[in-house]
Amino acid sequence: MRKSLLNRWCGQPWLHATYFLGIFMLNVLLTQWTNWSMPQRLMGILTVLLPIHVFEELTWPNGFHYMMNKLIQKSDNPLAYPENRMTDMITNFGAELLFIALTFLTPSLGNKGVVFAAFFGVGETLAHTIFSVVTLLHYKAKGKKTLYSPGFVTAWCSLLEVGIVSIHWLVTSGTFVKSDLWGIAFVAFLIVFMIRLPFIISYKIKSTKYAYTEIGYLEKYEQ
């Protein structure tokens with residue numbers, strides 16, 4: 001059966017587009033570094049790091065979707081739902097567009113983007129640490145010995161550092177005002193509308209239309 005344009009887009013094209021945006025934003029970041037304030041630099045760095053994080057989760061070593069569905073969300077079809085190619089596109093490609101928008105809006109947003117970066121960097125690292133502990137405990141009897149699941153390395157080695165630097169800036173720069181806490185609203189938007197809502201809808205529908213075809217990193221423990 002011929003795939004729809006949306007189905008094809010939810011395969012590799014959106015991933016390639018996300019990686020392209022990351023490379024594009026890296027060039028923008030490098031050329032504008034001296035002109036941008038620290039808050040804008042931090043958001044710009046996130047636009048570069050997110051595609052790298054997505055690469056680890058969904059390209060190599062891949063398998064974040066299977067781990068999330070089977071171990072965290074207890075799906076009866078972990079290749080298909082609630083996380084699938086459609087929800088991953090909405091979450092990750094959408095997040096990249098959101099990060100880019102926040103980067104260029106930073107001059108008018110002030111430290112709201114920094115608050116967002118702090119919550120995202122630390123929160124993502126904490127989440128991946130929990131996922132990795134669950135994965136180790138589940139597959140330990142099948143030979144798993146390392147505290148690793150897809151996304152763990154880029155969370156700890158890049159996103160966490162952005163979160164820490166963001167917190168340091170908020171504490172030491174003397175520029176923080178209470179209204180900057182509205183940056184938490186961006187975090188809530190990301191979690192509710194770009195992560196949880198697509199999962200909830202996907203789980204209700206339980207469609208295999210956008211299912212993955214590969215397990216990825218965890219395949220060796222599923223034999």
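Summarising the geometry, atom CG belonging to Asn69 is positioned 7.5 Å from atom OG belonging to Ser202; distances are rounded to the nearest 0.5 Å. In this structure, the separation between CG on Leu79 and CG on Asn77 is 6.5 Å, given to the nearest 0.5 Å. For the atom pair CG (Asn7) and CZ (Arg85), the distance works out to 4.5 Å, reported to the nearest 0.5 Å.
Between His128 and Phe64, the ring centre distance stays below 6.0 Å. Here the two rings, on Tyr217 and Tyr66, have centers that are 6.0 Å apart or farther.
Ring geometry, His16 versus Tyr19: the interplanar angle falls from 30° to 60°, so the pair is classed tilted.
The shortest distance between side-chain heavy atoms of Phe120 and Val187 does not fall below 4.5 Å. Within the 4.5 Å cutoff, the side chain of Val162 has no heavy atoms near those of the Leu159 side chain. Asp88 is not listed as a side-chain neighbour of Tyr210, based on a closest heavy-atom distance of 4.5 Å or more. Looking at Glu57 and Asn62, their side chains never come closer than 4.5 Å, going by heavy atoms from C-beta outward.
Proximity of a side-chain donor or acceptor of Lys144 to a complementary backbone N or O of Thr146 within less than 3.5 Å is detected. The backbone N or O of Thr18 sits nowhere less than 3.5 Å from a side-chain atom of Glu96 that would complete a donor-acceptor pair.
Residues Phe186 and Trp182 fall into different hydrophobic clusters, defined by Ile, Leu, Val, Met, Phe, Trp and Tyr side chains chained together at heavy-atom separations under 4.5 Å.
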Item to check | Residue pair Asn92, Leu58: steps toward the side-chain contact (heavy atoms from CB on, under 4.5 Å) verdict | outcome: CA-CA 10 Å; Asn92 295 299; Leu58 300 176; 3.8 Å; yes
Checklist entry - For His65 and Asn84, what are the C-alpha separation, side-chain angles and deciding distance, and is it a side-chain contact (heavy atoms from CB on, under 4.5 Å)? => result CA-CA 7 Å; His65 57 282; Asn84 55 37; over 6 Å; no
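Across all non-hydrogen atoms, the minimal contact from Met194 to Ile90 is CE-O, 3.8 Å. Counting all heavy atoms, side chain and backbone alike, Gly22 lies closest to Pro51 at CA-CG, 3.6 Å.
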